[in-house]
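Nothing here was measured: the structure is a model prediction, and the numbers come from that model.
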Amino acid sequence: MCAGFSEILGGNSREKVKFMKIGRKNPQFPADRSTGLGFQVTMDPSCGRSFMQVLCEKYSPENFPYRRGPGAAVHVPPGPQVSPMKDRLNLPSILVLNSCGINCAGDESEIAAFCSHVSELDLSHNKLDNWEEVSKIVSSVPQLQFLNLSSNPLHLSVLGRSCARTFARIRNLVLNNCKASWETVHTLLMELPELEELFLCLNDYNTVLCSPVCYHSLKLLHITDNNLQDWSETRKLGTMFPCLDTLVLANNNLSKIEDSEESLARLFPNLRSISLHKAGLNSWRDIEKLNALPKLEEVRLLGIPLVEPYNTEERRKLVIARLPSVSKLNGSVVTDGEREDSERFFLRYYMNLPKEDVPLRYQELVTKYGNLEPLVEVDLRPQNKANVDIHFEEKVEKMSIRLDQTVAEFKKQLKNLVQLSTNNMRLYYLDLEAPFGPEEMKLSTRFLHSYNVHDGDKIYVEPKIK
């Protein structure tokens, strides 16, 4: 058991504290640990770092300056048992103690005195390998609702039911990369009646251990970056969590949605959002099955093999057209205008296929829009050549000229034809559709296309009058 801070800060136990000058020469505090409260204490090195040690180090006044005024998150517990130093710690209601080397709780009474107001706690990337130590922390934080235990080696210990009961108030639990077994997850779920969000990413799950009990409180489940390739495992999630609103299955290489539309509707009656990012889906039929989910509004489908052959515009439009109830795709809102454009694109994309090869959605859209005509391809690129009549000395020559050249370059092209030097040449352009007469082409650096030259227009060449 780690040394308690009641021993360190208690009024009658001052002889247990080794007073020293504050110093920060060793930031790791191997044995003599600075509390930030004006003294250092000698700790047992075999104990490691406790929650309370790290808490006092991080949130001491010199590391976390005292704040006053609106929004100040400083807690001063009331009552006669308040430690003489408690008003010196500035503790917000959201504590972030990740990557601090914590492996035990410390004195539970001190945790309770300091953290009675704390609602969110991040203990990720520490060295907690015993559920009992986590339980001591959680049981001493009565207002705690969010707990992040990611990347702690908690798979090294077994979670008992009595220990799990201390988590009963938790609403949001993050167990990413804890390698927690499904038995541990079920033990927690049995004791967390108000749990709404659960994160089980990076836990190397190949299967899902089903439970005979349904957990109706859970609304959001993140279970990304595992190896749940078989849809039968996803089916178990629907059975266990019938009230799921959001299911994130990204990076699981899910190969196929095997249930029928009727079965999907029964499995996930409340699902509003699903992420299949980087799933292994390769059939449009799997995408169309999502229409069976009665409350589905948001879908993420990036990085699946099915859409790789299409360009970005085609991918989005072909998916939107197939999912009429979805209002957000891959994080972007689908507007009414985008939906109509996508559905019309879908009709034209498949209009030349044999009837037996067109998707099921095709006929529904024909009923909605009718049989559309193919779009006429219009080349909107600027014209770069024109066939014009060159008039000089009562002669007329037809010539194809480049419109991306300047007047000076055009004069060089005409020099041999009209037998005039470029310095002795004046050009006049006549636009047959313009209401005005010829316009002199005076500026040698002006490009011909800026005169709006068209086929059939006339250009007059005159010598300069000396």
Side-chain angles (χ1 to χ4, degrees), residues 1-9 22-37 39-65 73-75 85-86 88-141 143-157 166-167 170 172-180 199 202:
M1 177 67 67
C2 295
F5 266 81
S6 56
E7 293 183 354
I8 297 170
L9 299 178
I22 290 295
R24 291 286 179 177
K25 292 182 179 179
N26 187 348
Q28 299 302 318
F29 305 104
D32 296 319
R33 299 192 178 274
S34 169
T35 65
L37 303 178
F39 54 87
Q40 288 186 339
V41 295
T42 300
M43 308 303 296
D44 180 4
S46 64
C47 181
R49 304 190 78 196
S50 74
F51 175 85
M52 275 308 304
Q53 293 168 27
V54 171
L55 188 70
C56 288
E57 289 171 10
K58 179 168 183 177
Y59 292 99
S60 68
E62 61 186 54
N63 292 335
F64 197 90
V74 179
H75 176 63
M85 292 297 180
K86 287 187 177 63
R88 299 278 304 279
L89 279 184
N90 303 330
L91 294 187
S93 61
I94 300 175
L95 297 183
V96 180
L97 299 175
N98 62 310
S99 304
C100 293
I102 298 171
N103 70 343
C104 60
D107 189 275
E108 295 167 66
S109 63
E110 290 293 336
I111 298 174
F114 277 93
C115 301
S116 62
H117 67 302
V118 171
S119 60
E120 298 188 18
L121 178 58
D122 182 355
L123 291 173
S124 61
H125 297 274
N126 280 292
K127 298 179 181 179
L128 292 162
D129 59 3
N130 191 319
W131 282 104
E132 291 288 344
E133 294 300 319
V134 179
S135 176
K136 291 175 185 177
I137 298 171
V138 172
S139 63
S140 303
V141 188
Q143 304 300 319
L144 191 64
Q145 295 187 351
F146 174 94
L147 177 62
N148 186 356
L149 295 171
S150 296
S151 298
N152 280 282
L154 288 165
H155 62 286
L156 299 177
S157 68
T166 62
F167 293 78
I170 301 296
N172 312 89
L173 180 61
V174 187
L175 297 175
N176 296 338
N177 198 32
C178 286
K179 309 301 186 245
F199 294 75
L202 295 162

Review point. Rounded to the nearest 0.5 Å, what separation is found between the CG atom of Leu95 and the CZ atom of Phe114?
Key: 11.5 Å
Review point. Nearest heavy-atom pair of Leu202 and Lys179: which atoms, and what distance?
Key: O-NZ, 2.8 Å
Point to revise | Where Cys115 and Val141 come nearest, the two heavy atoms and their spacing | key: O-CG1, 3.4 Å
Study note, to complete from the structure: One should read off an interatomic distance between Asn176 CG and His125 NE2, to the nearest 0.5 angstrom, of 9.0 Å
Review point. Are Val134 and Leu123 side-chain neighbours, meaning at least one heavy-atom pair lies under 4.5 Å?
Key: no
Exercise for review: Could you tell me whether the side chain of Leu121 reaches within less than 4.5 Å of the side chain of Ile137, counting heavy atoms only?
Suggested key: yes
Exercise for review: Check the pair Val174 / Phe146 against side chain to side chain contact (heavy atoms under 4.5 Å, CB included), numbers first and verdict last.
Suggested key: CA-CA 8 Å; Val174 187; Phe146 174 94; 3.9 Å; yes
Check your understanding: About how many Å separate CG of Leu97 and CZ of Arg49, when rounded to the nearest 0.5 Å?
Key -> 10.0 Å
Exercise for review: Find out whether Val96 and Lys58 are in side-chain contact, i.e. whether some heavy atom of one side chain is under 4.5 Å from a heavy atom of the other.
Suggested key: yes
Practice item. Rounded to the nearest 0.5 Å, what's the gap from OG on Ser151 to CG on Leu175? Could you check? Key: 11.0 Å
Point to revise | Test item: Pro92 and Tyr59 side chains (from C-beta on) under 4.5 Å apart, heavy atoms | key: yes
Study note, to complete from the structure: Taken to the nearest 0.5 Å, the spacing of Glu120 CD from Ile94 CD1 works out to 4.0 Å
Check your understanding: Got Asn103 and Asn126 here, is their nearest side-chain heavy-atom distance under 4.5 Å?
Key -> no
**Study point:** Validation row: Leu91, Leu55 side chains within 4.5 angstrom (heavy atoms)
**Key:** yes
Check your understanding: Which value, rounded to the nearest 0.5 Å, describes the distance between Glu108 atom CD and Glu133 atom CD?
Key -> 8.0 Å
Check your understanding: Can you tell if the side chain of Ile111 reaches within under 4.5 Å of the side chain of Lys136, non-hydrogen atoms only?
Key -> no
Check your understanding: With no hydrogens and no angle check, is any side-chain donor or acceptor of Asn152 less than 3.5 Å from a backbone partner on Leu128?
Key -> yes
Point to revise | For Asn172, all residues meeting side chain to side chain donor-acceptor pair (under 3.5 Å), sequence neighbours excluded | key: Glu197
Revision key, fill the gap. In short, Ile102 meets Phe51 closest at the heavy-atom pair CG2-N, 3.8 Å
Check your understanding: So, Ser157 and Asn130: side-chain donor and acceptor under 3.5 Å apart, yes or no?
Key -> no
Point to revise | Thr166: partners by side chain to side chain donor-acceptor pair (under 3.5 Å), with sequence neighbours left out | key: Ser135
Review point. If you take all heavy atoms of Ser150 and Cys178, which pair is closest and at what distance?
Key: CA-SG, 4.0 Å
